Amino acid sequence: MSICLNFGVSEETFGHAYLRFDDTNPIKESEEYVSAIKRDVYWLGFDWKERLTHASDYFDQLYSAAVTLIEGGLAYVDSLNADEIREYRGTLTKPGRNSPHRDRSIEENLDLFERMRKGEFADGEYLLRAKIDMSSPNINLRDPVLYRIRHIVHQRTGDIWNIYPMYDFAHTMSDAFEGITHSLCTLEFEDHRPLYNWFLDQLKPPHLPRQIEFSRLNLAYAITSKRKLNALVEEGIVEGWDDPRMPTIAGMRRRGYPAIALRDFVKRAGVTKKNKLIEMGVLENCVRESLGDESERRMAVLRPLKVVLTNYPDDKVEMMEAMNHPNCPEMGTREIPFSKNLWIERDDFMEDAPRKFFRLKPGGEVRLRFGYIIRCDDVIKNDVGEVVELHCSYDLDTRSGTGSSDRKVKGTIHWVSCRHAVDATVRLYDRLFTEVNPNLAEDFRAVLNTRSLEIVSAKLEPSLVKLKPETAVQFERLGYFCIDNKEHSANTCVINRIVTLRDSWAKLEKQAMQQQSKI
RNA sequence: UGGGGCGUAGCCAAGCGGUAAGGCAUCGGGUUUUGAUCCCGUGUACCGCAGGUUCGAAUCCUGCCGCCCCAGCCA
């Protein structure tokens, strides 16, 4: 989301964004991670053109800048160990103390730093620190570490360096080297800004960048912490970083959220300094909005119930013409086979239906979308009283589009011909957590939504087999669905539900339930 | 209890001394062979609270309250 913000903001206001990887810590970085980010940014529709950089591109310049600081008496080589450093730093309320090595001569510092670079010392033996103020109320100014020794092969610079710069130093100076005007980052770096400016004040580079902070975007019922997201993957709670329930770019992509919707969402959330927790509804609205116009309509039955048209000829098959988009005739039509035995949605039949239920009920009539009006004559049940089949009769005069009958019925339902149906595995996703802000939970595992994934065996209209992975369609009356980009194949259809349609009936039902529970 | 931030409707968010935009959600209504879409309409917001300055304050001042961040040789 930060990617989106940086590129989005730059696109609208300043013009150009850099995609820089701050690869200052060789034990944490990997090329795999870099290419994943690049892939995500590109997919979102942003183009960094030639502005793809790495902090490691500037290691030489960074080293020179560090030498300049030493020469100016503004940095020194320390030989305290990690525990001592922490102890000397003081606490939030107590000032720190100067390191006993703080007053080494410039010559000695220069010599030691040079030898650190050459690899004469072991990891942790020496450290380059800025000489600022150990009693500063801002802990970042208490002689922050500039360089540490790391005898590790760096993925880009190999083994030529034995010392690596810290983020604050590298980031500030890289911004300056690149001529960055606005360096955008998140709120937690506000305390680092005085240090950022200190580097600029002391080193006086020709270009002076400015750091500007904004708040993170938090999504309701989701976590964004990389550590926790990683735990979800490691512990097998989700299937990977691209699990469609993950709030990662890869996850949302696989889920079927269009890039444009994500960008729109970030834009609507705005850029401020307020900690925000945005409702899912905003994201879903963006997704529905972009998919509503773009995606073609299809019919699919998620939880099939068989319907037999008793008065329809056994072997007859009619091809029904269906619009690919009700509001855009230019998107064309397709033909859907219709026959005696059909699948309809279980939810579209109710034996004891309330007054306002205008789908199928015993003795009731309903229109089959793009087909005929049918009436439910018989309800067939099994031994335990479950409805297994409906016997209906169709009205020959009501064929869709013929106009030979003005007869109107209140409800229209979708269907798929049994003989022609294509089987598919459809995965229905829901929020991963049961708490609005799972970040607040002592253990996020305790607030996991155990029903975040439901897998159903669905019946699809035949035209769906032609679709390629990552294409999104609307299953009429159900929602938007996306062909899975990983597990779908010609033989096995695997489809993800992106988001449901708005459903005012479901809302009514819910309200009715709540009314009942009150009584 | 050191420092840095933030508080405008359920969720976001404009506004920056002249009498509270907009989006999402909600709730009504209309169109509809998707209970979708679309179209109309719908909010008494003590502008965190309390004082003060002013003809006039969400905007300026003071005090208070609440929430977030910071003690990596991580980024």
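So you know, we letter chains A, B, ... as the sequences are listed, proteins then strands, and number each from 1. Note that the structure is predicted; figures quoted are calculated from it, not measured.
One atom, CG of N218(A), and another, P of rC69(B), lie 11 Å apart when rounded to the nearest Å. Across the protein-nucleic acid pair, Q211(A) atom CD and rA75(B) atom P stand 15 Å apart, rounded to whole Å. As a whole-Å value, the separation of F189(A) CZ from rC74(B) P is 14 Å. One atom, CG of L217(A), and another, P of rG23(B), lie 20 Å apart when rounded to the nearest Å. In this structure, the CG atom of L219(A) is 15 Å from the P atom of rA25(B), given to the nearest Å. Put simply, OH on Y164(A) is 18 Å from P on rC73(B), counting in whole angstrom units. Atom C1' of nucleotide rA25(B) and atom NZ of K510(A) are separated by 12 Å, given to the nearest angstrom.
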- [ ] For nucleotides 1-14 of chain B, just jot down a letter per nucleotide in 5' to 3' order: B, S or -, based on protein non-hydrogen atoms under 4.0 Å.
- [x] -BBSSSSS-BSSSS
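Taking only side-chain atoms of M166(A), from C-beta outward, the nucleotide of rA36(B), rG72(B), rU34(B) with the closest atom is rG72(B). Here the side chain of R150(A) is nearest to one of rG72(B), rC74(B), rG35(B), namely rC74(B).
Put simply, K507(A) has a side-chain N or O that comes within less than 4.0 Å of OP1 or OP2 on rU26(B). For R477(A), a side-chain nitrogen or oxygen approaches OP1 or OP2 of rG35(B) to under 4.0 Å. A sub-4.0 Å separation between OP1 or OP2 of rU34(B) and a side-chain N or O of R288(A) is absent. Between R148(A) and rC74(B) there is a side-chain N or O to OP1 or OP2 distance below 4.0 Å. OP1 or OP2 of rC74(B) sits under 4.0 Å from a side-chain N or O of N25(A).
Within 4.0 Å of N81(A), counting heavy atoms only, lies at least one base atom of the nucleic acid. In this structure, F358(A) reaches the bases: a heavy-atom distance under 4.0 Å links it to at least one base atom across the strands shown. Heavy atoms of P194(A) sit nowhere under 4.0 angstrom from any nucleic acid atom. Heavy atoms of H414(A) sit nowhere under 4.0 angstrom from any nucleic acid atom. Residue contacts shown for G292(A) are absent, as no nucleic acid heavy atom lies under 4.0 Å away. Contact annotation for R369(A): base contact, defined as any heavy-atom pair under 4.0 Å involving a base atom. Among the protein residues, N327(A) comes within range of the nucleic acid bases, having at least one heavy atom under 4.0 Å from a base atom. Contact annotation for Q474(A): base contact, defined as any heavy-atom pair under 4.0 Å involving a base atom. Using a 4.0 Å heavy-atom cutoff across all strands shown, T91(A) reaches at least one base atom of the nucleic acid. Contacts of F357(A) with the nucleic acid, taken as non-hydrogen atoms under 4.0 Å apart, include base atoms. Using a 4.0 Å heavy-atom distance criterion, R359(A) is classed as a base contact. Here F475(A) lies out of heavy-atom contact (under 4.0 Å) with every strand. Residue contacts shown for Y147(A) are absent, as no nucleic acid heavy atom lies under 4.0 Å away. Residue contacts for I163(A): at a heavy-atom cut-off of 4.0 Å it reaches no nucleic acid atom on any strand shown.
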- [ ] List the steps, then state whether ring pair (Phe, Tyr, Trp, His ring centres under 6.0 Å) holds for Y167(A) with F189(A).
- [x] CA-CA 11 Å; Y167(A) 166 82; F189(A) 290 100; 5.5 Å; yes
- [ ] Start with the C-alpha gap between S135(A) and D133(A), add the side-chain angles, then the distance that decides, and say whether side chain to side chain donor-acceptor pair (under 3.5 Å) holds.
- [x] CA-CA 5 Å; S135(A) 64; D133(A) 178 6; 2.8 Å; yes
- [ ] Could you check E345(A) against R477(A) for salt bridge (Lys or Arg N to Asp or Glu O under 4.0 Å), going step by step and ending with a plain yes or no?
- [x] CA-CA 10 Å; E345(A) 208 68 55; R477(A) 303 208 310 130; over 6 Å; no
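Using a cutoff of 4.0 Å between basic side-chain nitrogens and carboxylate oxygens, E509(A) and K507(A) are not scored as salt-bridged. A salt bridge does not link K361(A) to E351(A): none of the charged nitrogens lies less than 4.0 Å from a carboxylate oxygen. With respect to R193(A) and D191(A), no salt bridge is recorded, no charged nitrogen being found less than 4.0 Å from a carboxylate O. Salt bridge status for R104(A) with D78(A): absent, with no side-chain N to carboxylate O gap under 4.0 Å.
Comparing rC73(B) with rC69(B), their C1' atoms sit 22 Å apart, to the nearest whole Å. Comparing the same atom, P, in rC55(B) and in rA13(B) gives a spacing of 35 Å after rounding to whole Å. Going from the C1' atom of rU42(B) to that of rC24(B) covers 15 Å, rounded to whole Å. Only the C1' atoms considered, rC27(B) is 15 Å distant from rA9(B), to the nearest whole Å. Spacing of P atoms, rU31(B) relative to rG23(B), comes out at 24 Å, to the nearest Å.
Applying the side-chain contact (heavy atoms from CB on, under 4.5 Å) rule to C286(A) yields the partners A261(A), D264(A), F265(A), R268(A); only residues at least two apart in sequence or on another chain are considered. In this structure T172(A) satisfies the side-chain contact (heavy atoms from CB on, under 4.5 Å) test together with Y196(A), F199(A), L200(A), sequence neighbours excluded. Under the rule for a side-chain hydrogen bond (donor to acceptor under 3.5 Å, both in side chains), the partners of E318(A) that lie at least two apart in sequence or sit in another chain are Y312(A), Y372(A), R399(A). With sequence neighbours excluded, no residue satisfies side-chain hydrogen bond (donor to acceptor under 3.5 Å, both in side chains) with S290(A).
For the salt bridge (charged side-chain N to carboxylate O under 4.0 Å, His left out) with E87(A), the qualifying choice from K94(A), R142(A), R97(A) is R97(A), the only one to do so.
Residue ring and nucleobase are not stacked for Y167(A) and rA75(B) under a centre distance beneath 5.5 angstrom and an angle between planes beneath 30°.
With a cut-off of 3.5 Å on both pairing distances, the Watson-Crick and G-U wobble pairs of RNA chain B assemble into stems of 3 or more at B:2-7 with B:65-70, B:10-12 with B:22-24, B:27-30 with B:38-41, B:48-52 with B:60-64.
A heavy-atom distance below 4.5 Å is found between the side chains of K131(A) and R102(A).
Mapping G90(A) and D293(A) onto RNA chain B by nearest heavy atom places D293(A) at the nucleotide closer to the 5' end. Taking the nucleotide of RNA chain B with the nearest heavy atom to each of I85(A) and E289(A), the more 5' of the two is matched to E289(A).
A syn orientation is assigned to rG72(B), its glycosidic angle lying within 90° of 0.
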